[in-house]
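These notes concern the structure reproduced below.
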Amino acid sequence: MLRTHTCGELNIKNKGQKVALCGWVSARRDHGGVIFLDLRDRYGRTQIVFKPTRKEVFKTADQCRDEFVVQIFGKVVARPADMINKKLKTGEIEVEAEKITILSKSKTPPFDINQEKKVNEEIRLKYRFLDLRREKLQKIMKMRDEVITYIREYFHKRQFIEVQTPILANSSPEGARDYLVPSRLHPGKFYALPQAPQQFKQLLMIGGLDRYFQIAPCFRDEDPRADRHPGEFYQIDIEMAFVKQEDIWEITEQLMIELTEKFSNKKVMQKPFPRLTYKDAVSRFGSDKPDLRFGLEIKDATKIFAKTKFKVFTDVLKNNGVIYALKIDGGAKFSRKEIDELTEIAKSKKAKGLAYIILKLKAQSSLDLNRDSDRNREKLKITVQNSKLNIDLISPILKFLNDEEINNIIKTTGAKAGDIIFFGADKWEIACKSLGAVREECGKKLGKKDPKKAAWLWVYDYPMYEYNEDEGKIDFSHNPFSMPQGGLETLNKKNSLEILAYQFDIVCNGYEISSGAIRNHDPKTMYKAFEIAGYSRTEVDKKFGHMISAFEYGAPPHGGCAPGIDRLLMVLWECESIRDIYAFPKNGKAQDAMLGAPSEASERQLKELKIKIVK
RNA sequence: GGAGCCGUAGAUCAACUGGCUAGAUCGCGUCCCUGUCACGGACGAGGUUGCGGGUUCGAGCCCCGUCGGCUCCGCCA
């Protein structure tokens, strides 16, 4: 060993000991007649003192620069009482250097490693090995390891076994784009990296390994987002046989509670986790992954406007649409520009516009008139005639509404002076999801996303199918391997778009952490389920024949889920980007900025694989 | 595939409506300093304002294009 101790462990009890330390120079303070080096490793920092009495040692210390790697031999000495550094774990002592060896020099680093100030991510990724030396990433890597260790223990205590499933697997025809790996032994054929170990874990259930988990790498060739790492990610893959939904929920929920409480400073808002059906979640919060740290619930106002003369609304109602309203407390202060921005957000979710009514105290609104935005609004202002409320309303749509409608909408939404009401008028899904996007943005703007809270919930009863308007056909809305509620009989009888699946999500603070399902383990039901989505028996056999034939040899009822570890940690630790959770993340174009991956293959490799690149 | 935001010394930022010899802090180099701890002090070196074009007497700032990064929509069963 080149060292006897780490830089984080020496204290007053080691006084007088001869020690050897190794680490990086994190600061050098040269006082002419005495030099201090701060030596850093991942355990901490220790101050090394050099005195001019040892000429050679002193000279070497003088040559040291930040990030040099050095080995120190010396004696632990107590610092005088007035020189103790309380900010440092090792602050009671220092090491008087008797020998120093420069193990490795360093160029001047491209950014400051010892300060936690913001640095351009592009350069941090290019020099990730330096970024990893910084305190924040050191902590994340350590805690990530602790979390994964905890997860493994959690499942092992409960009779689960971890199984490594193949990385070189087969293309799965549904879902995300695959990463393909050409086969040398079988020219023209390709492996696909698994998008998830979905099929393997189900085969494990049939194989009798009735409680399986894996810290599983997954690969999807899709465009990234701040919460979606490009290319690869890890999930806590779970599958259990002989279970119902509740059994999966119970074991997953307990793990999520423990991880939240042990590894974050967030408080779990509600235990047991609230459960919302897909329909409720979307109707009330405009999303199947709502952030329940705040309320701002959407209300159904369709009935209020049943007889309205407002053409925009009547047109929607004629087409079996809905009119939903979202009241934002304190939203009256939004500027015209902010409302325009919210309108754009609603439009990005296919809404045609975003009608609104602003509620202001009478006195207040006249005082505010010197503000430009209010002068513009003045022409829109109407004082509520029949209301006892002392408010002015400002809205471009008021002239189309009658007093009864206005009073009812105020009553239904519970709006008061200082609030704003937004309207979503469209087909149910568009009305909800556009208001949901507005709700999300308002929550953010109004500071309702409390970093100390973890609002977990289950969303269940997802529809089995959805209508694909572009292609004019019925598609699986989630996992085609999910069990339809009611089984074969329901598939045969019920309107396909009304069939629910034993399919669920777990959500935290507005992020989908996992989806899961009770799987379809019955071949007949499976053929029928695929038939509804437009797959012939031959197609199903070709694509999933191996799965279905396995189901013909005694498949136990089973189900599972797969919480994404990276996303979970990102949410628990309030990281802005999921890239912060990885040691070596990829950039937004799925490249490794350090290695330059992906890169071109050599002629020889391509020749062996019988691959020709057409440019 | 589409949209938006950003790009100024090594790093983080500044430069009001176009007036600039492009500044500050940290870092870097040389020198001074025996108790600092993000030491201090003196002096100094760092820039084709991502790149190309245009408008203008004059462009870091305005316009067009392009490259790079990020974010969002689509996509992610």
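In what follows, chains carry the letters A, B, and so on, assigned in the order in which the sequence lines appear, proteins first and then strands, with residues in each chain numbered from 1. The model shown is predicted, which means the values in this text are computed figures rather than measured ones.
When the P atom is used for both B/G2 and B/G65, the distance is 14 Å, rounded to whole Å. Nucleotides B/C63 and B/G29 have their P atoms positioned 42 Å apart, rounded to a whole Å. To the nearest whole angstrom, the two P atoms, one in B/U21 and one in B/C61, are 15 Å apart. Using C1' as the reference atom, B/U49 and B/G68 are 16 Å apart when rounded to the nearest Å. Between B/A24 and B/G1, the distance separating the two P atoms is 46 Å to the nearest Å. To the nearest whole angstrom, the two P atoms, one in B/G40 and one in B/A59, are 41 Å apart. Across the C1' atoms, B/C28 and B/G46 are found 9 Å apart, a figure rounded to whole Å. Nucleotides B/C43 and B/G4 are separated by 50 Å at their P atoms, to the nearest Å.
Taking atom OH of residue A/Tyr127 and atom P of nucleotide B/G27, one finds them 20 Å apart after rounding to whole Å. Look at CZ on A/Phe36: it is 15 Å from C1' on B/A38, rounded to the nearest Å. The nearest whole Å value for the distance from the CD1 atom in A/Ile345 to the P atom in B/A3 is 18 Å. In this structure, CD of A/Glu122 is placed 11 Å from P of B/A11, rounded to the nearest angstrom. Following rounding to the nearest Å, A/Ile48 (CD1) and B/C39 (P) show an atom-to-atom distance of 15 Å. Atom CG in A/Asp66 sits about 13 Å away from atom C1' in B/C37, given to the nearest Å. In this structure, A/Gln115 atom CD and B/C13 atom P are separated by 13 Å, rounded to whole Å. The nearest whole Å value for the distance from the CD1 atom in A/Ile84 to the P atom in B/U36 is 14 Å.
Ranking B/U12, B/U71, B/C28 by closeness to the A/Ser577 side chain, first place goes to B/U71. Comparing atom distances between the A/Asp30 side chain and each of B/G35, B/G68, B/C33 picks out B/C33 as nearest. When distances are taken from the side chain of A/Lys117 to each of B/C76, B/U34, B/U12, the shortest belongs to B/U12. Checking B/A38, B/C39, B/G69 against every side-chain atom of A/Arg29, the shortest atom distance belongs to B/C39. Here the nucleotide nearest the side chain of A/Met83, chosen from B/C28, B/C37, B/U71, is B/C37. Relative to the side chain of A/Asn85, the nucleotides B/A38, B/G35, B/G10 differ in distance, and B/A38 lies closest. Distance from the side chain of A/Arg45 is smallest for B/A38 among the nucleotides B/A11, B/A38, B/G35.
Counting heavy atoms from C-beta outward, A/Asp178 and A/Phe190 have side chains that stay 4.5 Å or more apart. For the pair A/Glu440/A/Asp291, a side-chain contact is recorded, criterion being any heavy-atom separation below 4.5 Å from C-beta on. Proximity of A/His5 to A/Leu21: side-chain heavy atoms (C-beta onward) are separated by under 4.5 Å at one or more points. Annotation: side chain of A/Gln503 is in contact with side chain of A/Asn479 (closest heavy-atom distance under 4.5 Å).
Among the heavy atoms of the strands lying under 4.0 Å from A/Arg579 are primed sugar atoms or P, OP1, OP2 only; no base atom is included. A/Gln591 comes within 4.0 angstrom of sugar-phosphate atoms only, judged by non-hydrogen atoms across all strands, and of no base. Across all strands shown, A/Gln47 has heavy atoms under 4.0 Å from base atoms, whether or not it also approaches the sugar-phosphate.
Look at A/Asn587 and you'll find a side-chain N or O under 4.0 angstrom from OP1 or OP2 of B/G69.
Nucleotide B/A42 is matched to B/U30 when pairs are restricted to Watson-Crick or G-U wobble geometry with both distances under 3.5 angstrom. The partner of B/G52 is B/C64, by the rule that a Watson-Crick or G-U pair needs both atom distances under 3.5 Å. In this entry B/A3 has B/U71 as its Watson-Crick or G-U wobble partner, both defining distances falling under 3.5 Å. The partner of B/A14 cannot be assigned: no Watson-Crick or G-U wobble pair with both contacts below 3.5 Å exists in any strand. Figure legend. B/U36 is base-paired to no nucleotide; pairs are counted as Watson-Crick or G-U wobble with both atom distances under 3.5 Å. Within the shown strands, B/C57 is the pairing partner of B/G19 under the Watson-Crick or G-U definition, both distances less than 3.5 Å.
Under 3.5 Å, the side chain of A/Arg225 and the base of B/G74 form at least one donor-acceptor pair of N or O atoms. Donor-acceptor pairing under 3.5 Å, judged by distance alone, is present between the side chain of A/Arg79 and the base of B/C37. Within 3.5 Å, no donor on the side chain of A/Arg28 pairs with an acceptor on the base of B/C37, nor the reverse. Between the side chain of A/Arg228 and the base of B/C76 there is at least one donor-acceptor pair of N/O atoms closer than 3.5 Å. With hydrogens and angles ignored, a donor-acceptor pair closer than 3.5 Å exists between the side chain of A/Asp223 and the base of B/G74. In this model, a side-chain donor or acceptor of A/Glu94 finds a partner on the base of B/G35 within 3.5 Å.
Comparing A/Asp112 and A/Lys51 along RNA chain B, the residue whose closest nucleotide (by nearest heavy atom) sits nearer the 5' end is A/Asp112. Of the two residues near RNA chain B, A/Ile123 and A/Asp82, the one whose nearest nucleotide lies more 5' is A/Ile123.
For the 3.5 Å distance criterion, the side chains of A/Glu9 and A/Asn14 fail to qualify, holding no donor opposite an acceptor.
Anti is the classification of B/G4, since its glycosidic angle lies more than 90° from 0.
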Please assess A/Asn520 against A/Tyr502 for the test side chain to side chain donor-acceptor pair (under 3.5 Å), listing each intermediate value before the final yes or no.
-> CA-CA 9 Å; A/Asn520 186 342; A/Tyr502 287 115; over 6 Å; no
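Taking a centre distance below 5.5 Å and an interplanar angle below 30 degrees as the stacking criterion, A/His31 does not stack against the six-membered base ring of B/C33.
A cation-pi geometry, defined here as NZ or CZ lying under 6.0 Å from the six-membered ring centre and within 45° of its normal, does not hold between A/Lys543 and A/Phe530. Judged by the 6.0 Å and 45° rule, A/Arg128 forms no cation-pi pair with A/Phe584.
Aromatic pair A/Tyr465/A/Phe476: ring centres closer than 6.0 Å.
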